[in-house]
**Student:** 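This structure is in structure tokens; I'll ask about it shortly.
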Amino acid sequence: MFTGLSFSVGSGASLQVTGANGIGKSSLLRTIAGLVSLTEGELTVEDGDPELTVGEHCHYFGHQNSNKPALTALENLSFWRDFTAPMSKTVFDGSAQAPLAALEMLGIGHTASIPAAYLSAGQGRRLALARLIVTPRPIWLMDEPTSALDTTSEAHLLYLMNLHLKRGGMIITATHTELALSKKQKLHLQAAELA
Amino acid sequence: MAIWDFANPTRFVRLVDRTLPWLVTACVIAFGIGLYKSFFMAPEDYQQGDTVRIMFIHVPAAWLAMMCYSVMALSSLGTLVWKHPLADVSAKAAAPLGAAFTFISLITGSLWGKPMWGTYWVWDARLTSVLVLFIMYLGLMALWRTMEDPIKAGKAAAVLTLVGALNLPIIKFSVDWWNTLHQPASVIRMDGPTIHPDILVPLLVMALAFTLLFFTLHLMAMRNEVMRRRVRAMRLKAAAGPRAASATAAPQPAE
Amino acid sequence: MTGWMGSLFRRELRLAVRVGGSGLVGVLFFLAVVTVIPFGVGPDLNLLARIGPAVLWIGALLATLLGLDRLFQADRDDGALDLILMSGRPTELVVLVKCAAHWVATGLPLVIAAPVLAIFLNLEPVAIGAVTITLLVGTPALTLIGAIGASLTVTLRRGGLLLAVLVIPLAIPVLIFGVSAADAAVNDPVPFLTPFSILCALTLISAVVGPFASAAALRFSSD
Amino acid sequence: MTMNPFDLGPHAGFIIASYVTTFGIVAGLILWVLIDRAKQKSDLADLEAQGIKRSAATSQDPASEETSG
């Protein structure tokens, strides 16, 4: 899928992957997440937990929210908090909000006891985002994170992302829109010349 | 149009609140008389002995199993044809009651059958039809449960109920046909000698008591359903609620 | 360790019983299958008593298979499967817990319903007990074997039918020993314990093979 | 002819069993209705405590309540 691709992201830095539609931005993120296997080359996390794969250092925030409509917002979030293995503090000391506090922080605290089926698209998106701040993990892989968010929520998202960077986290996003992130690098994917 | 006066759920709930005490009282009295009569007054049948007492609950339950389906079929017409707003509430509330009464009639029927026929169950046309009715009730309940939007679910269930109502005679006919093909073994016929009035009176009282019980429970279940929909509407509002949301949604994170 | 497993188990159970869940539809299907058999073979009570254990077992097999296609598909449709694979929890254990919850929500009701349905088929008390016990021991095996099919067909839009086709051959041994154990309890050409212990062994084997095969298939599925 | 309700003859077990199961099922129905009512009431109270008005419920029929969401 990719040839001659090499990049590194330092602690506290972000990488914005750009490129035309269909070029493979999402595939790149999914490869890092370990959801697509590498045919060649390697991915490593320096000073990471050697027991874990690269993907297990990551939070994946993709197009889908993974919210179960039959469960309440709080049940959804609490499940992911309990289920997702956290990173040990020695490797990464990131945000670990309590589920209810995370919901409040994202402005959907009032929906905590409401089934996720009743949430609007933006609220569902925020519920999915809350998952990233209840379990600390150093690398956030975000595929079009701003989709379905209005401007206030977008500002909110940027605040959370910068907070994560400030704590020494890393963010790799695939997006078309410019995001005001600190220590931003860019990676532009281009179609290979057909020989 | 009396029915349309209760189209407003709030007025309906108020009406239920007012009638329920009377219904409950009537129901308790009817059961008191019915049970007293069926144990102390009714003679044992010369053929079936004391097991005839099972009839006092079996027959009313079977009668209700059918009446409940009629209520649901009427309500379904109400949903689809007259678009009465409480019709699907009524249909939904009736389904579990119908299933329960059908189940009672199946259980008591087989408990009656064991001493009479020597087996708990025979594939007799009457029993089998009731079993099919039971499955239809459960199917309807499953349909109600799996669809989240009560209005959509109500319409789907109404269509199924009416198709079922049209189909029930056909089912009954084919089951009869199937049963006569396989010569009925040793089934007792209900249409034997005319029923003695000493048995008939308690039976009628018990039937009345069960009917009252059904209406009481039906009204209460309908009231619950109205409340459930109110909760649902309010939850939708709460989720979208600008008041609740604006208080916390401003980008002022807690830390 | 137990924390996340308990959490997953509770979530699966909640999803099975709430709106849209299919927990009890399986029992209803089981009832429908068992009811429909006498219409086909006739109401001969002796015949029904003879084929009763087999009817109950086939009904349970079909009911289990029908409910299994959503085991992983629901999680794949909303992206949760990706997160589960990245969660850092052993996928084999995740599959095992999901199967356990699925069995409690759909398999256990079948076992509970079996004695009632056995009455319709004119089984004797001993046979009723035997069928119920064999179902109790055997249906987990059906769920675990079915999980393999469910994870193989997880990427398919309409995997339900294919799932059944893939899994039925694998489930034949369970069916054979389940029915023969139930039969052995009534008319004893062989002692009940012989086929019954083989059935237990089959369940234990599938508790090992099922999660491993299923986890492997799930990992490939996201490629 | 027996007038003694406690002597139910040789099949007393079946008679008692059918009355007991009927009673159990009916009691279950009544409990279900009452528990459901308590649950809806507490849900309503919760929502009202959150400040959600039930205006839609007092003036409109359930059909328009549903579509208004």
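A note on names: the letters A, B, ... follow the listed sequences, proteins ahead of strands, and every chain is numbered from 1.
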**Student:** If I measure from the heavy atoms of chain B, does D/Lys39 come under 4.5 Å with its side chain, its backbone, both, or neither?
**Tutor:**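 No part of it gets close to chain B.
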
**Student:** Report the distance from atom CG of B/Leu97 to atom CD1 of D/Ile25, rounding to the nearest 0.5 Å.
**Tutor:**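 Rounded to the nearest 0.5 Å, the CG-CD1 separation comes out at 12.5 Å.
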
**Student:** Within this structure, what is the CG-CE distance for the pair D/Leu44 and B/Met227, rounded to the nearest 0.5 Å?
**Tutor:**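 Nearest 0.5 Å value for the CG-CE distance: 5.0 Å.
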
**Student:** Go through it in stages, so that I can follow the logic: the residues are D/Thr21 and B/Leu111, the test is side chain to side chain contact (heavy atoms under 4.5 Å, CB included), and I'd like the CA-CA distance, side-chain angles, deciding distance and then a yes or no.
**Tutor:** CA-CA 10 Å; D/Thr21 41; B/Leu111 284 170; 4.3 Å; yes

**Student:** Roughly how far, to the nearest 0.5 Å, is the CD atom of B/Glu225 from the CZ atom of D/Arg37?
**Tutor:**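 That separation rounds to 13.5 Å.
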
**Student:** Does D/Val33 offer a backbone N or O that forms a donor-acceptor pair with the side chain of B/Asn224 under 3.5 Å?
**Tutor:**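 The answer is yes, because a donor-acceptor pair under 3.5 Å joins these two groups.
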
**Student:** Heavy-atom pairs under 4.5 Å with chain B: which of D/Asp43, D/Asp46, D/Ile30, D/Leu34 has the most?
**Tutor:**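 Ranked by contacts with chain B, first place is D/Asp43.
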
**Student:** For D/Trp32, does the CH2 atom sit with more than 12 other heavy atoms under 6.0 Å from it, leaving out its own atoms?
**Tutor:**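 Check passes, neighbour count above 12.
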
**Student:** Decide, yes or no, whether a salt bridge links D/Asp36 with B/Arg228 under the criterion of side-chain N to carboxylate O below 4.0 Å.
**Tutor:**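 A salt bridge is present here (some side-chain N lies under 4.0 Å from a carboxylate O).
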
**Student:** Give me the contact list for residues 99-110 of chain B versus chain D, heavy atoms only, anything under 4.5 Å, ordered by residue number.
**Tutor:**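 At a heavy-atom separation under 4.5 Å, chain D is reached by B/Ala100, B/Phe103, B/Ile104, B/Ile107, B/Thr108.
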
**Student:** Report which part of D/Thr22 has an atom under 4.5 Å of a heavy atom belonging to chain B: side chain, backbone, both, or neither.
**Tutor:**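 It is both, since atoms from each part get that close.
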
**Student:** Measure distances from B/Tyr120 to the heavy atoms of chain D and classify the residue's part below 4.5 Å as side chain, backbone, both or neither.
**Tutor:**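 B/Tyr120 touches chain D through side-chain heavy atoms alone.
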
**Student:** What part of B/Phe210 gets closer than 4.5 Å to chain D, counting heavy atoms only: side chain, backbone, both or neither?
**Tutor:**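 The answer is the side chain of B/Phe210.
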
**Student:** Supply the atom-to-atom distance D/Tyr19 OH to B/Ile57 CD1, rounded to the nearest 0.5 angstrom.
**Tutor:**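 Nearest 0.5 Å value for the OH-CD1 distance: 5.0 Å.
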
**Student:** Give me the atom names and distance for the closest heavy-atom approach of B/Ile54 to D/Ser18.
**Tutor:**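 For B/Ile54 versus D/Ser18, the nearest heavy atoms are CG1-OG, 3.3 Å.
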
